[in-house]
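The structure appears below as structure tokens.
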Amino acid sequence: MMVAKLEEHLKEKIDQIEAGGAQKYHEKNSAQNKMFVRDRLKLLFDNGEYSVEDAKFANNQAGDLPADGVVTAIGKMGGKTVCVMANDSTVKAGSWGARTVEKIIRIQETAQKLKVPMLYLVDSAGARITDQIDMFPNRRGAGKIFYNQVKMSGMVPQICILFGPSAAGGAYIPAFCDVVIMVDQNASMYLGSPRMAEKVIGEKVTLEEMGGARMHCSISGCGDVLAANETEAIEEARRYLTYFPVNYKEKAPVTEAASPKPGRELEEIVPENQNVPFDMYEFIDGLIDEGSFFEMKKLFAQEIVTGFGRIDGKPVGIIANQPRVKGGVLFVDSADKAAKFITLCDAFSIPLLFLSDVPGFMIGTKVERAGIIRHGAKLIAAMSDVTVPKISVIVRKAYGAGLYAMAGPAFEPDCCLALPTAQIAVMGPEAAVNAVYSNKINEIEDMKERIQFVQQKQQEYKEHIDIYKLASEMIIDDIVSPSSLRDELKNRFAFYENKEIVFSERKHPVYPV
């Protein structure tokens with residue numbers, strides 16, 4: 001009889017905890033198209049189940065703080081063991097108390113011990129000011145969460161799904177993750193709220209303008225994937241993880257091979273004229289397995305494309321210039337975007353494919369003041385430092401330092417390939433002729449004669465940078481027809497997959513930031 005009562009009492013306690021906060025908070029979330037935290041976890045884990053939940057009874061004596069506002073669990077995603085922390089926004093708006101912080105730290109430590117991916121399902125108003133002495137400044141306070149994230153970076157994949165706010169110091173949880181998936185309209189991240197901004201600096205701004213999902217995915221670059229709703233966000237997280245091993249010691253998973261998406265042949269896609277834009281997405285579709293492209297930061301710095309794809313079932317990280325946006329010129333933001341993606345792929349042994357159609361880096365007062373040299377150096381440093389297989393393809397052109405940034409020959413790609421119409425030069429024919437012969441051109445008064453002179457010099461310049469001449473000088477390793485490029489990449493990546501090098505012996509680099 002006593003045992004039955006104890007079991008009944010235990011079940012009652014568990015039910016109370018798993019119910020979360022008061023009904024009115026559930027209703028508020030529902031009105032905002034937000035799921036209850038445990039329903040999110042059911043979608044996240046295989047078969048809607050998680051095997052282990054730690055510290056479920058944390059702060060249960062408080063009465064109104066079930067699980068102290070955070071669920072920490074271990075389960076399976078796509079067959080992989082993962083650790084998860086998930087804020088419960090029905091409990092004090094998902095805010096952090098001392099036990100909340102301790103739970104997050106412990107699940108991070110578990111992920112480190114098991115060397116498995118760590119997921120952060122964030123929906124939190126930040127720290128509870130009333131608990132600040134217990135959870136803010138001490139050795140196992142909130143700062144330890146970020147310390148652990150830095151320690152885990154490159155050890156295991158770290159994924160953030162942002163369902164609601166990530167406020168104040170808590171905004172650094174997504175900032176330290178490998179990928180940030182944000183739910184449109186509901187997700188936000190900011191150091192200071194609109195109310196605080198108005199009070200402190202006199203700025204009147206909406207939450208969406210200050211730190212909304214669309215802003216961060218398109219302007220700040222803090223967000224990687226913009227999801228239409230919570231279900232899509234969870235599906236994207238599950239899909240993202242399929243490209244990754246469980247930790248840095250393992251190899252990326254291989255899936256069943258598939259043919260490229262049906263469409264135009266690659267030679268039809270790329271115009272011979274260097275100044276005519278084309279859609280690099282269509283070119284990528286013609287190279288990779290159909291349906292395998294997972295893009296990172298699609299809405300941010302769109303002049304460069306970064307994302308994961310598969311060639312013959314094997315994951316590859318793609319960095320490609322997009323000539324349809326700003327001519328594919330590299331800017332401050334595009335350098336940052338590519339650098340982060342390159343380091344992510346290198347950390348988890350995902351080979352890199354560079355597809356170049358780049359006029360170079362942007363020039364002018366605005367970008368110089370924004371630090372284009374510093375940010376360009378960051379990209380070049382990240383690209384140089386990688387030890388994974390690295391193939392560079394000159395799709396159409398690679399001019400100036402753009403050649404360097406896109407893994408040109410000097411940066412030891414495993415091979416540098418070029419299509420037959422490709423050009424490599426300090427600058428394009430038009431700019432080069434103008435730079436060298438500007439005075440001579442201006443001296444020619446007859447317009448017809450001037451045009452003929454310019455065309456003649458441009459033709460001479462094109463012959464000087466002819467791709468067959470560059471191949472003759474062993475600047476590039478091979479000239480490949482577009483129709484055979486996919487097979488060439490498939491074969492070369494297969495040969496290079498056992499590559500093992502150390503970039504240099506040192507403690508750590510001093511990178512430009």
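Just so you know, residue 1 is the first one in the sequence shown, and it goes up from there. The structure displayed is predicted, hence computed values, not measured ones.
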In Å, rounded to the nearest 0.5 Å, how long is the span from [atom1] of [X] to [atom2] of [Y]?
X    : Y    : atom1 : atom2 : answer
T306 : D224 : OG1   : CG    : 8.0 Å
K297 : C222 : NZ    : SG    : 7.0 Å
C415 : D477 : SG    : CG    : 6.0 Å
K261 : I288 : NZ    : CD1   : 10.0 Å
I304 : I318 : CD1   : CD1   : 12.5 Å
D312 : E256 : CG    : CD    : 10.5 Å

Residue [X] excluded, over 12 heavy atoms near [atom1] under 6.0 Å:
X    : atom1 : value
I373 : CD1   : no
K298 : NZ    : no
E412 : CD    : no
F495 : CZ    : no
R450 : CZ    : yes
E463 : CD    : yes
L191 : CG    : yes
M196 : CE    : no

Write out all pairs satisfying ring pair (Phe, Tyr, Trp, His ring centres under 6.0 Å) with one or both partners inside residues 428-458, taking only residues at least two apart or from two chains. Y437-F453
Does any non-hydrogen side-chain atom of [Y] lie less than 4.5 Å from one of [X]?
X    : Y    : result
V270 : V395 : yes
F278 : R396 : yes
L403 : V358 : no
V116 : C83  : yes
K457 : Y461 : no
V393 : L489 : yes
M280 : P323 : yes
S356 : N321 : yes

As a quick check of understanding, evaluate salt bridge (charged side-chain N to carboxylate O under 4.0 Å, His left out) for E208 and R214, giving each step before the final call. CA-CA 8 Å; E208 182 62 30; R214 189 166 291 274; 5.8 Å; no
Per the ring-ring contact (aromatic ring centres under 6.0 Å, His included) rule, which among F354, F348, F308 passes with F341? F308
Distance-only polar pair, side chains of [X] and [Y], donor-acceptor under 3.5 Å:
X    : Y    : value
T365 : E368 : no
T421 : E272 : no
D385 : Y511 : yes
E295 : Y281 : yes
Q108 : Q112 : no
Q322 : D357 : no
K76  : T81  : yes
Q149 : Y172 : no

Please confirm whether the backbone N or O of [Y] pairs with a side-chain atom of [X], one donor and one acceptor, at under 3.5 Å?
X    : Y    : value
D346 : I342 : no
E209 : T206 : yes
D289 : G313 : yes
S349 : K251 : no
D46  : G79  : yes
R310 : K314 : no
D478 : V480 : no
K397 : Q274 : yes
E268 : E265 : yes
D414 : K390 : yes

For residues [X] and [Y], report the shortest heavy-atom separation together with the two atoms involved.
X    : Y    : value
K340 : C177 : NZ-O, 3.5 Å
V246 : P117 : O-CD, 3.4 Å
P359 : Y399 : O-CB, 3.4 Å
A398 : I394 : CB-CD1, 4.0 Å

Just do the side chain to side chain contact (heavy atoms under 4.5 Å, CB included) check on L417 and E488 with the steps written out, would you? CA-CA 9 Å; L417 308 175; E488 183 75 18; 3.8 Å; yes
Using the ring of each side chain (for Trp, its six-membered ring), is F146 parallel, tilted or perpendicular to F176, with breaks at 30° and 60°? tilted
Applying side chain to side chain contact (heavy atoms under 4.5 Å, CB included), run through L121 and F163 and close with a yes or a no. CA-CA 7 Å; L121 276 56; F163 296 102; 3.6 Å; yes
Listed pairs under 3.5 Å, donor-acceptor, residues 228-237 side chains, sequence neighbours left out:
unit_1 : atom_1 : unit_2 : atom_2 : d
N229   : OD1    : T231   : N      : 3.2
N229   : OD1    : E232   : N      : 2.8
E230   : OE1    : M35    : N      : 3.0
E230   : OE1    : R40    : NE     : 3.0
E230   : OE2    : R40    : NH2    : 2.9
E232   : OE2    : A228   : N      : 3.2

Which is it for R486 and S259 under the side chain to side chain donor-acceptor pair (under 3.5 Å) test, yes or no, and what are the steps along the way? CA-CA 10 Å; R486 175 180 158 91; S259 300; 5.8 Å; no
Do V502 and T387 pass the side chain to side chain contact (heavy atoms under 4.5 Å, CB included) test, and can you show the C-alpha distance, the side-chain angles, and the key distance before you say yes or no? CA-CA 7 Å; V502 174; T387 59; 6.0 Å; no
Would L330 and I372 count as a side chain to side chain contact (heavy atoms under 4.5 Å, CB included) here? Give the steps. CA-CA 9 Å; L330 293 167; I372 187 71; 5.9 Å; no
Does K326 make a cation-pi contact with F331, if we ask for NZ or CZ under 6.0 Å from the ring centre and within 45° of the axis? yes
